Amino acid sequence: MANPVRVRFAPSPTGSLHIGGLRTALFNWLYARKHNGAFVLRIEDTDQKRYDPTALATLTEALRWAGLHWDEGPDVGGAFGPYVQSERLALYQQWAQWLVDNGKAYKCFCTTERLAQVNKDKEARKELPGYDRFCRRLTPAEVAEKEAQGLKPVIRMKMPLDGQTVVQDVLRGDVVFENQTQQDAVLLKSDGFPTYHLAHVVDDHFMQISHVMRANEWLPSAALHMQLWLAFGWEIPVYVHLPVMLNPNGKGKMSKRNPPKDKYGNIIPVMVHDYINAGYLPEALDNFLANIGWNFGEERELFTMAEAVERFDLARINPANSAFPTEKLDWLNGEHLRALPLDELARRLRPVLEKAGFSVDETLLQQVTPIVQTRLKTLNEVVAMAGFFFRAEFIPAAPDKLPQKKMDAASTRLALEQSISVLETLRDFGRETTHAAVEKLTETLGLNNSQLFGVLRTAVSGQQVSPPLFETMEIVGQAETLRRLRLALESLKTLAA
RNA sequence: GGCCCCAUCGUCUAGAGGUUAGGACACGACCCUUUCAAGGUCAAAACCAGGGUUCGAUUCCCUGUGGGGUCACCA
């Protein structure tokens, strides 16, 4: 009885993938995997005005990055192709014509100018805007005449004039629309391309889609889609209208046009590539997105996609729209970062460092990775935290950064001198050895760990914030550590006592 | 404005008639501490309003309010 689960993600290739699109894709993917079904990628490139030849590659790259691999679609093929709508034009035209032939749709020759005028007149009479169905009343002879004149018509749906259309939505139950409020929407444009509405129904039928999971924005046009299914007499898929992700302040949906901001006024990226470039992990972004509108259960929010697949359930989707909880992404990213095995983290850190202009020595990378792991929220932060390890030329800190709290140039000089004399005698430069040696100095110098270590940290790393000092010195090595300490000591001379 | 959807801490959410309304993020305090993190402990913080139904409503119904979506030869 039950059809096999076949779901689809049907983006329109207009650039990188919108973050909300990724969430929709993710839910479809989770559902497909959960039910051992098929996840189909279909490209909705039926708007020639918005055609962008590079967009498809960018889009699929984002999907692959997120780990949402499709079973059927461009690149991978499948039994229900082609998966790009512009390659299926004949099919839409054929079925649009079928609707006309069967009295379910009609050709409309109205110009955009007339359409505009109709709305203007309606507005003047304080009526609701909308097409006046002028061409619905055209006789076959009139239609033939206009076509003989070479006029290119659109094909419009003949919506029922009265009664109701009921759309069954998994999350909301029956949604009822009064047919009087509906429009005779365009199904096939005059250039022979379908609109979304026609393409959706025709493709989902022929691709044997079992569940239509799409954004909530589509709910208002679902009545039209329902009438289309009825007109064709095809089996109707299950509809799930997913909640929309709103701006973090809850005002309006996430959009590139009107960039959302967090509570500090920082602009929040909307495109998946922005998140990739910002150093987020795909497993974190997926985890983050899965938590918006869906709930894992067991009061758990940190999980892998494998775990999510196991538990994914339409019944746990919350139909309410939600603000984009941007702070949780940083937290989750940190969690996933720390959960990564060290060699894997190193593998992901490398390109970030290279992009920042460093040449990355593998051994050095392996040494640095463990000491930065708990200190990173995003991969990109490794540059500020530990970039100095990879810099060809050491950049010392400004001398005035050397003295720590309650220290002056003299005490700083002394701290440096003593440290140097202790450190240069050491045979072993391991973290424990150096730590023990330096720590002993604090008493004689009358300083606390924070002060003494701070001076050395600034001298050795060139930064006031760095990974732990003794680990850092071990990696930098004895000779270079001493060189930097002497450099600092020297620079102190320029500082007024 | 018409139509449609939605409504629990600031935010993401659990809850499906009787709960001290739970968790998480962020925020604050404290502990740990070598800077920054991480980790630990604690605190503060919510059922939009008004009517019903009911012995009893956060939960069910209605109305209002608020928010969102949508009204193209874009998807």
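Note on naming: letters A, B, ... go to the chains in the order of the sequence lines (proteins, then strands), and numbering restarts at 1 for each one. The figures that follow rest on heavy atoms only: side chains count, while hydrogens, waters and symmetry mates do not. Everything quoted here is computed from the prediction, not taken from an experiment.
- Between A/Pro467 and A/Val372 the shortest heavy-atom distance is CG-CG1, 4.2 Å.
- Nearest-nucleotide mapping onto RNA chain B: of A/Pro325 and A/Arg375, the residue sitting toward the 5' end is A/Pro325.
- Residue contacts for A/Glu335: at a heavy-atom cut-off of 4.0 Å it reaches the sugar-phosphate backbone alone, with no base atom in range.
- Salt bridge A/Glu298/A/Arg311: present, at least one basic N to carboxylate O contact under 4.0 Å.
- Where A/Gln182 and A/Ser450 meet RNA chain B, the nucleotide closest to each residue was compared, and A/Gln182 sits on the side nearer the 5' end.
- Considering only side-chain atoms of A/Pro468, the nucleotide from B/A14, B/U34, B/A24 that sits closest is B/U34.
- Checking B/A7, B/A26, B/U35 against the side-chain heavy atoms of A/Glu327 singles out B/A26 as nearest.
- Nearest to the side-chain atoms of A/Ile292 among the listed nucleotides B/U13, B/U34, B/C4 stands B/U13.
- Taking atom CZ of A/Phe296 as the reference point, atom C1' of B/C12 lies 16 Å away to the nearest angstrom.
- Computed from coordinates, the A/Trp294 CH2 to B/A24 P distance equals 18 Å when rounded to whole Å.
- What you find for A/Lys401 and A/Gln404 is that their closest heavy atoms are O-NE2, 3.6 Å.
- Across all strands shown, B/U34 forms no Watson-Crick or G-U wobble pair with both key distances under 3.5 Å.
- Both distances falling under 3.5 Å, in either a Watson-Crick or a G-U wobble arrangement, place B/G1 opposite B/C71.
- No engagement by A/Arg431 is indicated, since no non-hydrogen atom pair under 4.0 Å with the nucleic acid exists.
- Rounded to whole Å, the C1' atom of B/A21 lies 14 Å from the corresponding atom of B/A16.
- The pairing partner recorded for B/U19 is none, the criterion being a Watson-Crick or G-U wobble arrangement whose two distances lie under 3.5 angstrom.
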Determine, step by step, whether A/Arg114 and A/Asp132 satisfy the salt bridge (charged side-chain N to carboxylate O under 4.0 Å, His left out) criterion, reporting the C-alpha distance in whole Å, the side-chain angles of both residues, the deciding distance to 0.1 Å, and the verdict.
CA-CA 10 Å; A/Arg114 191 183 104 77; A/Asp132 63 359; 2.7 Å; yes
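- Taking only side-chain atoms of A/Phe177, from C-beta outward, the nucleotide of B/C3, B/A24, B/C36 with the closest atom is B/C3.
- Out of B/U34, B/C4, B/A37, the shortest distance to the side chain of A/Val175 is found at B/C4.
- Nucleotide B/A38 holds its C1' atom 13 Å from the CD atom of A/Glu381, rounded to whole Å.
- Residue contacts for A/Ser466: at a heavy-atom cut-off of 4.0 Å it reaches a base atom on one of the strands shown.
- If you check the side chains of A/Glu335 and A/Trp331, you find a donor sitting under 3.5 Å from an acceptor.
- Distance A/Glu301 CD to B/G22 P: 16 Å, rounded to the nearest Å.
- Using Watson-Crick or G-U wobble geometry with both donor-acceptor distances under 3.5 Å, B/G64 finds its partner in B/C48.
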Audit row: A/Trp218, A/His200, side chain to side chain contact (heavy atoms under 4.5 Å, CB included) steps and yes/no:
CA-CA 11 Å; A/Trp218 291 109; A/His200 151 49; over 6 Å; no
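- Heavy atoms of A/Arg172 sit under 4.0 angstrom from primed sugar atoms or phosphate atoms, though from no base atom.
- The distance from atom NE2 of A/His336 to atom P of B/A38 is 16 Å, rounded to the nearest whole Å.
- Summarising the base pairing, B/A26 is matched to no nucleotide, lacking a Watson-Crick or G-U wobble pair whose two defining distances lie under 3.5 Å.
- Because its NZ or CZ atom is not both nearer than 6.0 Å to the ring centre of A/Phe394 and within 45° of the ring axis, A/Arg391 does not count as a cation-pi partner of that residue.
- Here the nucleotide nearest the side chain of A/Arg338, chosen from B/G22, B/G39, B/A7, is B/G39.
- Within the nucleic acid shown, A/Leu469 comes within 4.0 Å of at least one base atom, counting heavy atoms only.
- Going from atom CG of A/Asn318 over to atom P of B/C12 covers 10 Å, rounded to whole Å.
- Of the C1' atoms belonging to B/C6 and B/C47, the separation is 15 Å, rounded to the nearest Å.
- Between A/Met473 and A/His435, every side-chain heavy-atom pair lies at or beyond the 4.5 Å cut-off.
- For the C1' atoms, the distance from B/U58 to B/U20 is 15 Å, rounded to whole Å.
- Straight-line distance between the C1' atoms of B/G23 and B/G18: roughly 22 Å, to the nearest whole Å.
- The base of B/A37 lies close enough to the side chain of A/Thr374 for a donor and an acceptor atom to sit less than 3.5 Å apart.
- A cation-pi geometry, defined here as NZ or CZ lying under 6.0 Å from the six-membered ring centre and within 45° of its normal, holds between A/Arg156 and A/Tyr131.
- Two residues are said to be in side-chain contact when any heavy atoms from C-beta on lie closer than 4.5 Å; A/Pro153 and A/Glu147 meet this criterion.
- As rounded to the nearest Å, B/U13 and B/G28 have P atoms that lie 24 Å from one another.
- Within the 4.0 angstrom heavy-atom criterion, no nucleotide atom of any strand lies near A/Val372.
- For B/C9, there is no paired nucleotide, since no Watson-Crick or G-U wobble pair has both relevant distances below 3.5 Å.
- Distance, A/Phe324 CZ to B/C25 P: 18 Å, rounded to whole Å.
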If the sugar-phosphate is the primed atoms plus P, OP1 and OP2 and the base is the rest, what is the B/S/- string for nucleotides 67-75 of chain B, using protein heavy atoms under 4.0 Å?
SSBS--BBB
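- Comparing the P positions of B/U41 and B/C55 gives a spacing of 46 Å, expressed to the nearest Å.
- B/C30 and B/A43: their C1' atoms are spaced 10 Å apart (whole Å).
- With rounding to whole Å, A/Ile317 atom CD1 is found 11 Å from B/U13 atom P.
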